[in-house]
Amino acid sequence: MTWAGSIFDTAGTPAARIARLAWFLIIVSGVTYLLVLVATGIAMRRARARRTQGELADTRPETANRLTRNVAIATIATTLILLGYVTATALTGKAIAWPLNAQRPLTIEVTGHQWWWQFRYRDSVPSNWLTTSNELHIPVGRPVRVILLSNDVIHSFWIPELHGKQDLIPGHRNTTWIQADRPGVWKAHCAEFCGHQHAKMLFDVVAESPAKFDQWYIRQLASALPPTDSATKRGHDVFVQRTCIMCHSINGTEAGSNVGPELTHIASRPSIAAGSLPNTRVNLARWILNPQLIKPGVRMPPNALSPADMNALLDYLETLK
Amino acid sequence: MSAQPQPAERAVEPDPNSPASLHARLEQVWRNGPGLWGWLTSVNHKSIALRSIITAFTFFGIAGIEAALMRVQLARPENSFIGPDLYNQLFTTHGSAMMFLFAVPMVQSVALYFVPIMIGTRNVAFPRLNAFGYWTYLIGGVLLFSGLFTNTGPDQGWFSYVPLAGPGFSPGKRVDIWAQMITFTEIAAIVAAIEVIVTVFKQRAPGMSLNRVPPFVWAMVVMSFMVLVAMPYVATASAMLAMDRLIATQFFNYTEGGDALLWQHLFWFFGHPEVYIIFIPGLGMVSAIVATFSRRPVFGYTAVVLSLVAIGFLSFGLWVHHMFATPLPQTGESFFTAASAMIAIPTGVTIFCWIATIWSGRPRFDTPMLYVIGFIALFTIGGLSGLLLASVPVDLQITDTDFLPGHIHYVLLGGMVFPLFGALHYWFPKVTGRMMSERLGKVSFWLLFVGVNVTFFPQLLLGIAGMPRRVYTYLADTGWGGLNLTSSIGAGLIALGILLLVVNIARSLAAGPAAGADPWGGETLEWAISSPAPDYNFAYIPIVHGRSALWADTGDLDAVAGLREDRREVLQTTMLDAVPDSRHEHPDPTIVPLLTALAVGVGLIWGIFDPIGFDVGAVLMFIALAAWGWPQKTKPNSHEIVEVPNDRRR
């Protein structure tokens with residue numbers, strides 16, 4: 001079963017090992033369940049036969065002895081199955097731990113916010129640190145150390161195709177790791193209830209070849225280009241003179257707030273509203289006008305822009321590739 | 001088998017030594033006062049337990065309607081039936097009400113109704129405290145739903161994780177209402193636990209030594225001890241949360257040296273045993289039904305009782321498996337995986353013993369027994385899916401997904417609601433004197449059984465498919481629409497099943513056939529008295545000669561004489577062997593428990609809005625408790641100590 005997005009649709013070692021364990025447990029549980037049902041069924045049939053023959057309850061000592069033996073056998077079998085279960089769990093637990101011989105690991109700091117994600121790629125050269133929002137790119141075949149932080153409430157980082165969850169807890173510094181063994185594009189959900197818009201706190205995951213990843217990385221490091229024509233210039237002015245600048249940043253402009261997601265390369269992202277809305281011009285316009293209609297309770301206020309201002313702003317945002 | 005004639009004879013019999021005259025005198029002494037005042041002042045365990053059962057069933061209905069609304073919202077992707085604000089209030093109050101206002105009070109009320117009758121006594125140990133417990137529970141429940149109906153329903157989840165539930169991220173009064181509701185219900189739960197424990201240990205009928213106590217009663221004792229250990233943790237935690245919110249303590253604020261994880265440990269140290277607190281009584285009800293309908297005592301009495309005790313102990317070693325993603329060192333996680341596996345052993349033993357009981361019995365498959373079979377079929381799925389959750393690596397994938405609601409509903413519906421409905425059909429005749437309709441009972445059983453599977457099996461699959469839980473909607477391209485729609489249709493079947501059950505109750509109340517004292521040929525003492533049970537339960541306190549009180553011999557029960565009939569008196573026996581020890585006078589009806597509960601209510605609810613409320617409540621409490629402890633005139637003691645024919649006890 002490789003249901004897209006399911007825990008069996010694996011693309012990385014930890015997830016694959018967990019999927020194997022899960023299959024094992026499901027099969028063992030299924031067989032155990034059938035045995036219980038069959039035993040119950042037989043007990044009911046026997047009893048029905050006895051009833052139609054008008055017999056009394058069977059309280060003979062030899063029956064009691066036989067039943068005692070059977071209950072004991074069932075109990076011992078249960079115990080043995082559980083021993084196997086604990087062993088398999090411990091072995092898998094060991095197999096999915098961070099590989100101590102990891103080659104050239106990449107380190108990414110993840111910060112959960114109500115209700116969006118911030119990723120900071122670390123590098124030995126400080127000027128090569130990269131910050132993005134709601135979009136996580138990773139190179140195939142390279143282990144990624146993930147540091148989990150939160151400044152508001154508890155969130156949980158979960159890419160089902162790669163590994164299980166790990167919580168982002170304010171005041172704690174948790175770590176996990178992921179490694180993609182094949183390219184892919186996935187959606188990841190916040191997995192711990194974090195308030196109003198927990199349902200729409202997603203991010204896009206892109207696993208790609210190391211070459212493509214490097215290209216993406218270099219492009220993301222670049223600042224936004226200054227606007228060239230009058231429309232985008234007006235859009236830029238709308239951005240920095242209206243409320244946008246209060247929360248968002250665009251590298252290369254005076255917008256530098258980090259209350260909301262940074263937007264330096266917003267036009268290159270597949271989605272907006274923390275992975276919950278495809279990034280199209282129409283959606284962007286709807287979002288900017290009144291995000292409360294799309295994601296009620298989100299921290300972003302409605303913006304009553306004139307049609308001309310809105311069009312200019314959209315023109316400008318579309319240049320932020 | 002009944003030791004006494006029907007009370008209907010009482011009016012015509014002038015002889016003071018006749019049984020009918022005895023019944024009349026006991027009725028005079030033990031009945032509730034007339035009218036509304038009598039209702040408010042009652043200290044009779046059956047009156048209080050029955051109103052508590054009805055209250056809990058009402059909350060079950062409201063919380064069930066909330067669940068139905070959520071299923072409508074989730075039936076298709078990006079539905080706009082309910083927005084996130086209302087949805088979050090609905091799922092929070094659904095979970096909180098089902099756990100705190102339905103499940104625990106319900107099993108405790110069933111215990112408070114039947115334990116005294118099953119062990120052959122006339123009332124619970126502390127009748128006024130019992131009444132006080134009910135009133136605090138009622139205030140707590142009304143508080144929660146008043147919040148919901150005024151758009152102040154808690155919306156942080158029934159588990160109230162900080163910092164989301166803290167003052168910074170949940171301003172307003174929503175979480176305060178939740179925290180105080182917890183305080184009310186935990187007071188009530190602890191009170192009920194004390195009642196059950198003391199009643200069972202000190203008021204058993206002569207001869208009912210501990211190794212003759214029915215498994216149902218054992219289950220209730222185990223549950224009560226668990227309540228005594230677990231509930232103080234959540235009461236403490238909710239008080240700390242309320243203080244963080246109301247008077248700026250910083251228990252959970254990491255920037256001031258507190259810790260968000262502290263809450264999770266306190267909460268789950270209560271929260272995990274809570275599940276076992278809820279279904280161990282279910283196991284007790286199953287034991288009672290299996291024995292009666294298999295026409296033989298439960299196979300492996302000792303194994304079943306010891307398993308119940310073992311489950312009770314082990315359940316306190318599992319709480320961390322709710323926190324595997326927080327995370328923990330691997331060795332620590334392995335410990336909790338092993339502990340979780342271990343609890344499956346005694347649980348398995350109880351199920352094997354019931355199958356063996358049916359195997360060697362002569363069972364009748366009336367509605368109560370059907371619910372037992374349904375219990376085995378559903379609860380086993382719940383337990384086995386729990387093994388996936390207790391395995392750390394698999395848990396990391398499926399925790400906080402829809403797998404979890406699927407699992408917990410199999411456990412709680414299978415392990416508690418099915419036994420409860422079985423118990424409802426089983427004991428309805430004892431409570432009301434009328435039989436329920438078998439035909440309607442069977443139809444509603446099948447609707448519920450199919451409905452539960454159609455609703456919750458898709459949720460197990462949705463969790464595996466990656467759907468997170470506690471979401472008010474999901475995107476269309478996830479492919480989760482079909483399973484969600486199936487689950488919602490199943491919820492409709494459940495609603496229909498419950499509706500039929502209510503119709504059955506109403507019809508049977510009005511026009512069910514008369515039941516008589518013992519319609520099922522039961523094993524335990526409650527079937528020795530008339531239906532509905534008289535206010536004093538037993539005119540003659542029975543003497544028990546074996547584990548199966550009513551199946552031990554064919555004649556009338558032996559009885560104890562010597563309890564006074566002109567005041568409320570119960571017989572106290574020794575803890576292990578149930579040898580008569582002393583007589584104890586019980587209080588008459590009084591309004592004081594209600595007043596005390598109101599004083600607590602004023603303090604806790606006013607305290608949400610202004611700390612001065614706590615002070616006012618404390619003063620009122622003091623006055624109420626002074627009234628409670630005011631010396632009463634006792635009626636002079638004219639009788640000699642009880643005599644029991646010792647040679648009759650084996």
Side-chain angles (χ1 to χ4, degrees), chain A residues 3-7 18 21-22 25 29 32-33 36-37 39-40 43-44 46-47 50-51 55-59 63 67 70-71 74-75 78-79 82 85-86 89-90 92-93 96-97 152-154 156 160 164-167 169-171 174 189 191-199 276 296-297, chain B residues 83-85 88 157 161 163-164 169 254 259-261 294-296 299-300 325-327 330 333-334 337-338 341 344-345 348-349 351-353 355-356 358-363 373 376-377 380-381 384 387-388 391-394 396-400 464-466 468 470-473 475 478-479:
Chain A
W3 217 336
S6 86
I7 67 165
I18 295 174
L21 178 65
L25 295 184
S29 303
T32 312
Y33 184 62
V36 170
L37 280 196
T40 312
M44 288 166 67
R46 269 178 55 93
R50 185 176 307 116
R51 194 170 159 66
E55 284 178 43
L56 294 173
D58 186 355
T59 50
T63 313
L67 287 175
N70 290 345
V71 167
T75 308
T78 310
T79 312
L82 291 170
Y85 156 86
V86 172
T89 293
T92 308
I96 62 173
D152 45 36
V153 303
I154 300 176
S156 195
K165 309 170 183 67
Q166 209 64 260
D167 289 352
I169 304 173
N174 288 339
H189 284 85
E192 183 60 80
F193 181 68
C194 55
H196 245 71
Q197 278 299 344
H198 167 57
S276 65
Chain B
D85 186 51
N88 294 347
Y161 275 8
L164 182 60
F169 297 96
Y254 76 99
D259 193 341
L261 280 183
S294 299
R295 310 295 309 140
R296 60 153 293 166
F299 177 83
T326 55
Q330 210 204 330
E333 292 181 336
S334 302
T337 298
I345 299 172
V349 169
I351 291 184
F352 302 146
C353 284
I355 294 177
I358 300 172
W359 189 290
S360 57
R362 189 159 59 94
I373 304 295
I376 293 178
T380 311
I381 296 183
L384 291 169
L387 281 182
L388 267 76
S391 169
V392 182
V394 181
L396 293 180
Q397 280 285 27
I398 54 182
T399 187
D400 279 319
I464 288 171
R470 299 170 184 139
V471 293
Y472 74 98
T473 192
L475 303 179
T478 50

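Please read these numbers as outputs of a predicted model, since none were measured by experiment. Residue numbers begin at 1 in each chain, while the letters A, B, ... track the order of the sequences.
If you take CH2 on Trp359(B) and CG on Asn70(A), they are separated by 7.0 Å, rounding to the nearest 0.5 Å. One distance of note links CG of Leu21(A) with OG of Ser391(B); it measures 4.5 Å at 0.5 Å rounding. Within the model, atoms CG of Asp152(A) and CZ of Phe169(B) stand 5.0 Å from one another, a figure rounded to the nearest 0.5 Å. Atom CG of Asp400(B) and atom NZ of Lys165(A) lie 6.5 Å apart (nearest 0.5 Å). One finds the CG atom of Leu82(A) at 6.0 Å from the CG atom of Leu387(B) (value rounded to the nearest 0.5 Å). Atom CG in Leu384(B) sits 6.0 Å away from atom OG1 in Thr32(A) (nearest 0.5 Å).
When the candidates Val86(A), Leu25(A), Leu37(A) are compared by the number of heavy-atom contacts under 4.5 Å with chain B, Leu25(A) comes out ahead. Chosen from Ala90(A), Gly195(A), Gly297(A), the residue pairing most often with chain B at heavy-atom distances under 4.5 Å is Gly195(A). For the set Gly93(A), Ala97(A), Ala22(A), Ser156(A), the entry with the most heavy-atom pairs within less than 4.5 Å of chain B is Gly93(A). In terms of non-hydrogen atom pairs under 4.5 Å with chain A, the most contact-rich of Gly157(B), Pro468(B), Gly300(B), Gly479(B) is Pro468(B).
Side-chain contact between Ile154(A) and Leu164(B) is absent, with no heavy atoms from C-beta onward closer than 4.5 Å.
With sequence neighbours excluded, the residues forming a ring pair (Phe, Tyr, Trp, His ring centres under 6.0 Å) with Phe193(A) are His198(A), Phe91(B), listed by chain and number. For Ser294(B), there are no side-chain hydrogen bond (donor to acceptor under 3.5 Å, both in side chains) partners, not counting sequence neighbours.
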>> Show, in sequence, the C-alpha distance, side-chain angles and deciding distance for Thr92(A) and Val394(B), and conclude whether the side chain to side chain contact (heavy atoms under 4.5 Å, CB included) test is met.
In response: CA-CA 9 Å; Thr92(A) 308; Val394(B) 181; over 6 Å; no
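In this structure a side-chain-to-backbone donor-acceptor pair under 3.5 Å is present from Tyr33(A) to Ala377(B).
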